[in-house]
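Read the structure below first, then the notes.
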Protein chains: 2
Amino acid sequence: MPETTRRADRLPGNRYGNRPTMKDVAARAGVGLKTVSRVVNGEPGVTPDTERRVQEAIEALGFRRNDSARVLRKGRTASIGLVLEDLADPFYGPLSRAVEEVARAHGALLINGSSAEDPEREQELALALCARRVDGLVVIPAGDDHRYLEPEIRAGVATVFVDRPAGRIDADVVLSDNYGGARDGVAHLIAHGHRRIGFIGDMPRIHTAAERLRGYRAAMEDAGIAVEERWMSLGATNPERVRRATEEMLSGADPVTAIFAGNNRVTVTVIRILAEQSRPVALVGFDDIELADLLQPGVTVVAQDAAALGRTAAERLFRQLDGTLLAPERIELPTRLITRGSGELPPAV
Amino acid sequence: MPETTRRADRLPGNRYGNRPTMKDVAARAGVGLKTVSRVVNGEPGVTPDTERRVQEAIEALGFRRNDSARVLRKGRTASIGLVLEDLADPFYGPLSRAVEEVARAHGALLINGSSAEDPEREQELALALCARRVDGLVVIPAGDDHRYLEPEIRAGVATVFVDRPAGRIDADVVLSDNYGGARDGVAHLIAHGHRRIGFIGDMPRIHTAAERLRGYRAAMEDAGIAVEERWMSLGATNPERVRRATEEMLSGADPVTAIFAGNNRVTVTVIRILAEQSRPVALVGFDDIELADLLQPGVTVVAQDAAALGRTAAERLFRQLDGTLLAPERIELPTRLITRGSGELPPAV
DNA sequence: CGCGCATCTGACAACGTTGTCCAGGCTCTA
DNA sequence: TAGAGCCTGGACAACGTTGTCAGATGCGCG
């Protein structure tokens with residue numbers, strides 16, 4: 001008797017019985033299958049009395065529609081995927097939340113995962129989401145080649161990249177003005193008299209890191225300052241590496257008098273190190289950090305609006321899904337310099 | 001010719017053609033449907049030559065298996081749901097990430113959503129996840145009645161509650177020792193000479209808030225201190241309410257000399273207010289906060305391990321799914337008092 | 001009282017996959 | 001060379017839902 005063994009037999013973890021289906025509900029209510037479907041979906045054409053009977057049966061059986069089957073039939077899942085770098089990073093929390101809010105407003109659920117800055121994991125995750133047939137994808141790229149998404153996009157998966165641009169494909173992307181923000185931040189230090197300014201950033205293959213470095217170079221060049229190699233350090237943002245890099249810049253004959261920190265993680269570590277120094281060193285950090293205003297001195301930052309990034313990206317995604325056929329676009333959001341003290345310190349020898 | 005209109009006609013947003021199915025791949029490779037399935041799933045019984053032809057067809061067509069159909073057939077989705085309070089709250093980031101890591105280790109995807117502390121939204125979200133047929137559910141409760149999950153649990157949805165216990169149902173729950181942590185924190189203040197100690201917490205219907213208040217009362221009672229009504233304030237944790245409450249306690253004839261802050265959001269606001277005060281006020285906060293060590297004075301906190309909460313809950317969930325039938329259990333993780341200065345200030349008049 | 005129409009209901013196929021089972025071709029042995 | 005047995009491949013049903021379409025039911029009107 002094949003296929004009459006039902007799920008409970010096949011699935012080890014299914015501790016109790018089976019889920020009732022519409023068929024079960026129909027049998028109990030003494031109506032047809034389609035009538036149950038109609039009631040469940042609020043379609044018209046069901047008499048109040050029939051509807052009541054069906055509702056009772058649903059209650060009694062604890063029926064819940066199986067969205068997998070629904071998805072299979074309808075072709076849309078009402079869910080979108082979010083591939084980000086690290087859910088635990090305070091920068092991505094608000095971004096993720098903003099995407100979720102927009103999704104919710106469109107009746108969609110959010111599936112997400114962290115790539116941990118690993119291109120392979122990013123791809124694996126994005127494709128798993130596509131296999132799940134999400135309607136759309138918001139991706140914070142870890143890798144620099146996204147051609148693997150081409151078949152998906154062609155098949156209709158709406159796709160928007162955030163925070164960093166897509167690699168080797170033409171797609172919507174929402175970014176902060178990393179170049180301009182960094183340039184302004186460094187110019188701010190120069191305006192306060194600094195000439196020897198250090199830059200500590202993330203790995204150079206990460207777009208934001210490269211852009212911010214470019215901004216640093218531009219500001220220095222604008223001021224006619226020749227940048228020395230040893231003032232720049234790009235690499236992993238773990239505290240150990242950042243500490244080494246920072247201490248190196250601060251030692252020697254001509255130590256830097258100011259530091260531009262390339263992201264929130266770097267900033268936090270640098271703050272710790274500067275607190276240990278005897279002479280004051282100016283600091284401007286990219287990304288705002290909580291409590292930055294309460295430190296002594298307050299931390300001057302170039303702030304991005306993470307929530308706006310997420311919101312903009314998600315809204316763009318749903319506009320794609322609405323069918324308004326849009327040419328891929330690059331949207332750049334401005335950053336904001338927030339002066340709190342650390343960036344206004346004069347150079348000290 | 002009904003049903004021959006294919007998805008592209010039915011779905012407005014599907015910009016391009018249709019996705020290829022196994023049938024299409026089979027046709028192109030000149031093999032049977034099941035053979036494609038075998039190749040896709042790495043099942044044995046396919047000659048290398050046939051496999052190669054199938055792989056080529058998959059490549060050429062950009063085929064990706066439709067997991068919705070797979071789920072429908074197999075009964076398992078390899079995805080779990082996470083209902084939390086606010087993804088943007090720095091406390092839930094690491095928790096969420098930890099759940100994700102465990103899910104990943106078990107080959108499952110994570111679908112999550114924020115309840116925004118709204119019981120109705122929590123229910124809506126949890127049930128939507130169940131309709132999506134997640135294999136399991138990790139819930140940070142916003143409401144206090146979870147009987148609505150009973151049919152789901154009976155139907156085999158593994159369920160674990162974190163951070164706060166479930167209401168009116170018997171289920172696994174993983175908690176921090178809120179009572180003990182708060183008691184220790186308040187006792188710490190008492191040990192440093194304080195008698196008039198304020199407590200500012202979240203809404204009393206939230207379990208953690210109630211437990212922490214209970215810990216506060218216990219510590220005070222242990223020390224033989226009669227608690228005055230005006231020392232305690234529970235409610236929303238928005239800065240405005242917290243500010244009013246704090247300023248009230250700090251004014252009048254017998255102001256409090258120390259404050260116990262009920263969670264990270266409260267702590268941050270209280271720090272701001274205390275920075276404005278002329279006389280020093282001691283502070284111990286529940287939850288650790290970033291940069292707490294760099295403030296003047298450093299912020300003494302009762303720290304919970306958010307990642308451990310998430311990890312423990314998720315592991316428990318997968319143990320349920322493994323079929324090891326477990327009686328619902330309540331797991332309590334210890335907290336840790338981290339002294340940094342603010343909690344060791346002596347009382348000042 | 002009968003007919004037509006509107007309203008409500010249900011049978012059936014299809015979504016794309018996987019499990020079962022059988023057919024056909026091959027190899028190996030007697 | 002014939003038969004047994006193994007291996008590969010494919011036909012078919014089923015998962016639970018929704019769209020289509022036709023049949024049933026009841027009502028009003030002539």
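Computed from a predicted model, the values in this text were never measured in an experiment. By convention in this document, chain letters (A, B, ...) are assigned in the order of the sequence lines, proteins followed by strands, and residues within each chain are numbered from 1.
- Side-chain contact between B/Ile111 and B/Val134: present, with at least one pair of heavy atoms (C-beta onward) separated by less than 4.5 Å.
- Distance CG (A/Asp67) to C1' (D/dG16): 11 Å, rounded to an integer number of Å.
- For A/Glu150, the side chain to side chain donor-acceptor pair (under 3.5 Å) test picks out no residue, with sequence neighbours left out.
- Spacing between atom CD of B/Glu43 and atom P of D/dT8 amounts to 13 Å, rounded to whole angstrom units.
- For A/Met22 and C/dC15, the CE to P distance is 19 Å, given to the nearest whole Å.
- Neither OP1 nor OP2 of C/dC15 sits under 4.0 Å from any side-chain N or O of B/Asn66.
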For residues 79-89 of chain A, dump all side-chain donor-acceptor pairs below 3.5 Å to protein atoms at least two apart in sequence or in another chain.
{"from": "A/Ser79", "atom 1": "OG", "to": "A/Thr77", "atom 2": "OG1", "distance (Å)": "3.0"}
{"from": "A/Asp86", "atom 1": "OD1", "to": "A/Ala88", "atom 2": "N", "distance (Å)": "2.8"}
{"from": "A/Asp86", "atom 1": "OD1", "to": "B/Arg97", "atom 2": "NH1", "distance (Å)": "2.4"}
{"from": "A/Asp86", "atom 1": "OD2", "to": "B/Arg97", "atom 2": "NH1", "distance (Å)": "3.1"}
{"from": "A/Asp89", "atom 1": "OD1", "to": "A/Phe91", "atom 2": "N", "distance (Å)": "2.8"}
{"from": "A/Asp89", "atom 1": "OD1", "to": "A/Asn264", "atom 2": "ND2", "distance (Å)": "3.1"}
{"from": "A/Asp89", "atom 1": "OD2", "to": "A/Arg265", "atom 2": "NH1", "distance (Å)": "3.0"}

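- In terms of the side-chain contact (heavy atoms from CB on, under 4.5 Å) criterion, residue partners of A/Ala131 (sequence neighbours excluded) are, by chain and number, B/Arg64, B/Asp67.
- The base of D/dT17 is not paired with the side chain of A/Arg73 by any donor and acceptor separated by under 3.5 Å.
- For the helix from C/dC1-D/dG30 to C/dA30-D/dT1, the angle separating the two terminal helix axes comes to 50°, with each axis derived from five pairs and the value rounded to 10°.
- No salt bridge links A/Glu51 with A/Arg38; every basic N to acidic carboxylate O contact stays at or beyond 4.0 Å.
- As a whole-Å value, the separation of B/Leu72 CG from C/dA14 C1' is 12 Å.
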When the side chains of residues 137-148 of chain B are checked against the rest of the protein, which donor-acceptor pairs come out under 3.5 Å, sequence neighbours left out?
{"from": "B/Asp145", "atom 1": "OD1", "to": "B/Arg147", "atom 2": "N", "distance (Å)": "3.1"}
{"from": "B/Asp145", "atom 1": "OD1", "to": "B/Arg147", "atom 2": "NE", "distance (Å)": "3.0"}
{"from": "B/Asp145", "atom 1": "OD2", "to": "B/Arg147", "atom 2": "NE", "distance (Å)": "3.3"}
{"from": "B/Asp145", "atom 1": "OD2", "to": "B/Arg147", "atom 2": "NH2", "distance (Å)": "2.6"}
{"from": "B/His146", "atom 1": "ND1", "to": "B/Gly167", "atom 2": "N", "distance (Å)": "2.8"}
{"from": "B/His146", "atom 1": "NE2", "to": "B/Glu122", "atom 2": "OE1", "distance (Å)": "3.4"}
{"from": "B/His146", "atom 1": "NE2", "to": "B/Glu122", "atom 2": "OE2", "distance (Å)": "3.0"}
{"from": "B/Tyr148", "atom 1": "OH", "to": "B/Glu122", "atom 2": "OE2", "distance (Å)": "2.5"}

Do any N or O atoms of the protein come closer than 3.5 Å to N or O atoms of nucleotides 9-11 of chain D, and which pairs are they?
{"from": "D/dG9", "atom 1": "OP1", "to": "B/Thr47", "atom 2": "OG1", "distance (Å)": "3.0"}
{"from": "D/dG9", "atom 1": "OP1", "to": "B/Thr50", "atom 2": "OG1", "distance (Å)": "2.3"}
{"from": "D/dG9", "atom 1": "OP2", "to": "B/Gly45", "atom 2": "O", "distance (Å)": "3.3"}
{"from": "D/dG9", "atom 1": "OP2", "to": "B/Thr47", "atom 2": "N", "distance (Å)": "3.2"}
{"from": "D/dG9", "atom 1": "N7", "to": "B/Arg38", "atom 2": "NH2", "distance (Å)": "3.1"}
{"from": "D/dG10", "atom 1": "OP1", "to": "B/Gly32", "atom 2": "N", "distance (Å)": "3.3"}
{"from": "D/dG10", "atom 1": "OP2", "to": "B/Gly32", "atom 2": "N", "distance (Å)": "2.3"}
{"from": "D/dG10", "atom 1": "OP2", "to": "B/Thr35", "atom 2": "OG1", "distance (Å)": "2.9"}
{"from": "D/dG10", "atom 1": "N7", "to": "B/Arg38", "atom 2": "NH2", "distance (Å)": "2.8"}
{"from": "D/dG10", "atom 1": "O6", "to": "B/Arg38", "atom 2": "NH1", "distance (Å)": "3.4"}
{"from": "D/dG10", "atom 1": "O6", "to": "B/Arg38", "atom 2": "NH2", "distance (Å)": "3.3"}

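- Distances shorter than 4.0 Å separate none of the side-chain N or O atoms of A/Ser37 from OP1 or OP2 on D/dT17.
- In this structure, A/Ile58 places its CD1 atom 10 Å from P of D/dT17, rounding to the nearest Å.
- Rounded to an integer number of Å, the gap from CG of B/Asp24 to P of C/dC15 is 11 Å.
- Per the geometry, NZ belonging to B/Lys23 stands 7 Å off P belonging to C/dC15, to the nearest Å.
- By the 4.0 Å N-to-carboxylate-O rule, A/Arg164 lies close enough to A/Glu117 to be salt-bridged with it.
- Panel note: side chain B/Asp24, backbone B/Thr21; a donor-acceptor pair is recorded below 3.5 Å.
- B/Asn66 and A/Arg132 are not linked by any side-chain donor-acceptor pair at a separation below 3.5 angstrom, with hydrogens and angles left out of the test.
- Position along DNA chain C of the nearest nucleotide to B/Ser68 versus A/Pro48 favours A/Pro48 as the more 5'-ward residue.
- Taking atom CG on A/Asp49 and atom P on D/dT25, their separation rounds to 16 Å, with Å as the unit.
- You'll find that the side chain of B/Lys74 is closest to C/dG19, out of C/dG19, D/dT17, C/dT17.
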